[in-house]
2 protein chains.
Amino acid sequence: MGAEGHADGTVGKALDVLDMVASHGRPVRFSDLLAQSDYPKATLYRLLQTLTHQGMLALDPDQGTYALGVRLVRLAHAAWAQSSLAPIARPYLDELAAKTGETIHLAQMDLGQVLYVDKRNAARPVEMFAQAGKVGPAYCTGVGKAMLAWATPEALEQALARQSFHRHTDQTLDTPEKLVAELQAIRARGHAFDREEHEKGIICCAVPILTRSGRVLGALSVTSTTARTTLAALEDQAGLTKDIAARIAAEAESWRFPEQS
Amino acid sequence: MGAEGHADGTVGKALDVLDMVASHGRPVRFSDLLAQSDYPKATLYRLLQTLTHQGMLALDPDQGTYALGVRLVRLAHAAWAQSSLAPIARPYLDELAAKTGETIHLAQMDLGQVLYVDKRNAARPVEMFAQAGKVGPAYCTGVGKAMLAWATPEALEQALARQSFHRHTDQTLDTPEKLVAELQAIRARGHAFDREEHEKGIICCAVPILTRSGRVLGALSVTSTTARTTLAALEDQAGLTKDIAARIAAEAESWRFPEQS
DNA sequence: CCGTTTGGTTCCATTATTTGAAACTTAGTC
DNA sequence: GACTAAGTTTCAAATAATGGAACCAAACGG
């Protein structure tokens, strides 16, 4: 984990530290962070101090532990409302969940990884942050492949470099070559499948959410299990899913520029 | 330097820019940001580029606008789960809401401002300012005053310096002196009131959430309107509210150090 | 009780990054 | 085709970050 690609500048390092604190999932002591990172003591210290002073981290003086700060929660609120597709897509996800009766995922791309920003479990809708924020691999999930298939060449290249190509199941596409070939097929077909590539028994059919100009905003998937259904049955829902994706895209675009005059 | 207090180092400036983008509530053009900040063109440009490269901002190439990035949502997930009292407090808020039938707010302090981290609406909800994820002033809200009343001298001083003391209503405490006097009364009494100091017709009774060592973790308020109830009636709930606050504090403390030999 | 370790904080000369005025490159107008 | 507005790049000077080492404090061990 220490080897974060190219942490440009001080800001990159600071954000790297932020991620490090976040990844622990609980307040961390200075020395834990020091052991984990390969920053020198003084450097890490000042980085932490700056972040704390900025409210991005909070130092618990009783325990000498660092936790993520409230300023992050505030920014998060804005990010959620503004940048993510989730608030726009909410009613559409409800509709799709109701019509298909299956689990629905809404995902966006985050530096080569898939970020699930919203979800509907076949039964019940969930709280804001409870589901948002989970990340997963791009190369072996339906939503990931759907987004990669329509990514720009540069974005694709960057993303490919960040994939681990770990062989989760015996269906996993475990080389860039296999993946690129699959992406072409997906583009031709218009939707992506997950053929138990990430988790045994889990299958899905995913479509990209595209602007009119063809840029990828995110992806939408209908997920189920081999026990309950088949890929062919899921594919029957692809038309509906694409329709929903198009409506989300349309609303996302109009929502972002209400001052068109 | 500019209007922003003390933006130490490059990281501070970058976060400042992040806030600036967040505050717009919608994607912003470079030139808008340039006009708003007093950073020189090139500086702001590189700052934005760094943040974008780091995934904290997202540049919409179609429109040339910047929005908050998905990495922020991911961090938010961690922040929400880890740093905020919200996940711990959730069941207690439910209980308090059920027993009082009024609106409940859970807040924490964010650089001199009040951050509402969770909320329960009354059976008959009232339109008001506070919302989860939103920030508000400290000097004229119940939760704000409750937290300030038990803040350390240093924290109080810093916070005071950041208050605007804008006179929202004719009940607003509009000078540091009045506020400090009120804080003393609050400490003596054990809970804070909001006597329509922020919004006309809105009253509340708030208590701090304190660790055993006396450190402020947050505050909890029971809020209503003058039309529906009185301060005295709200004060009757203070005991219950304090009890809930104590239970939240206890759980927050034990939750943070499960590895206690 | 004192020497030692552990965990955290500060110094400061060196080094590398950031800075920002100005020059430049596009797109878009008239 | 000249003129503008908006965004991008350059480069020497200014500034901030760096990190080895020294320092401090509290806990530990004999």
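Because only heavy atoms are used, hydrogens play no part in the values below, and waters and symmetry mates are left out as well, while side chains stay in. Numbered from 1 within each chain, the chains take letters A, B, ... in sequence-line order.
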Engineer: Quickly work out the A:Leu59 CG to C:dG7 P distance and round it to whole Å.
Structural biologist: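 In whole Å, C:dG7 P lies 17 Å from A:Leu59 CG.
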
Engineer: D:dT9 C1' sits how many Å from B:Leu44 CG, rounded?
Structural biologist: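 About 15 Å, once rounded to whole Å.
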
Engineer: Once you round it to whole Å, what is the distance between P of C:dT17 and CD of B:Gln49?
Structural biologist: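 Taking CD of B:Gln49 and P of C:dT17, I get 16 Å after rounding.
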
Engineer: Taking atom P of D:dA6 as reference, at what distance in whole Å does atom CG of B:Asp32 sit?
Structural biologist: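 Checked: the CG to P distance equals 9 Å.
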
Engineer: Between C:dG8 atom P and A:Asp60 atom CG, what is the distance in whole Å?
Structural biologist: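 Spelled out: CG on A:Asp60 to P on C:dG8 is 13 Å.
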
Engineer: Tell me, yes or no, whether the heavy-atom count around A:Gln49 atom CD, taken from other residues, nucleotides or ligands under 6.0 Å, exceeds 12.
Structural biologist: yes

Engineer: Measuring to OP1 and OP2 of D:dT8, would you say a side-chain N or O of B:Tyr45 lies under 4.0 angstrom away?
Structural biologist: yes

Engineer: Whole Å only: how far is the CZ atom of B:Phe30 from the P atom of C:dT26?
Structural biologist: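 Computing the B:Phe30:CZ to C:dT26:P distance gives 17 Å.
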
Engineer: Return the orientation label for the A:Tyr45 and A:Phe30 ring planes: parallel under 30°, perpendicular over 60°, tilted otherwise.
Structural biologist: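 It falls in the perpendicular class, over 60°.
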
Engineer: Can you tell if the side chain of B:Leu93 reaches within under 4.5 Å of the side chain of B:Leu220, non-hydrogen atoms only?
Structural biologist: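 When only atoms from C-beta onward are counted, B:Leu220 and B:Leu93 do touch, with a gap below 4.5 Å.
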
Engineer: Could you tell me whether the side chain of B:Gln163 and the main chain of B:Pro137 form a donor-acceptor pair under 3.5 Å?
Structural biologist: no

Engineer: Let me have a per-nucleotide readout for nucleotides 16-28 of chain D, 5' to 3', with B, S or -, counting only protein heavy atoms under 4.0 Å.
Structural biologist: SSBBB--------

Engineer: Let me confirm one number: the CG-CZ distance from B:Leu18 to A:Arg71, rounded to the nearest 0.5 Å.
Structural biologist: 7.5 Å

Engineer: Considering the options A:Leu59, A:Asp60, A:Leu51, A:Asp32, which one meets the side chain to side chain contact (heavy atoms under 4.5 Å, CB included) requirement together with A:Tyr66?
Structural biologist: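 Running side chain to side chain contact (heavy atoms under 4.5 Å, CB included) over A:Leu59, A:Asp60, A:Leu51, A:Asp32 with A:Tyr66 returns exactly one hit, A:Leu59.
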
Engineer: Please report the distance, rounded to the nearest Å, between CG in B:Leu34 and P in D:dA6.
Structural biologist: 10 Å

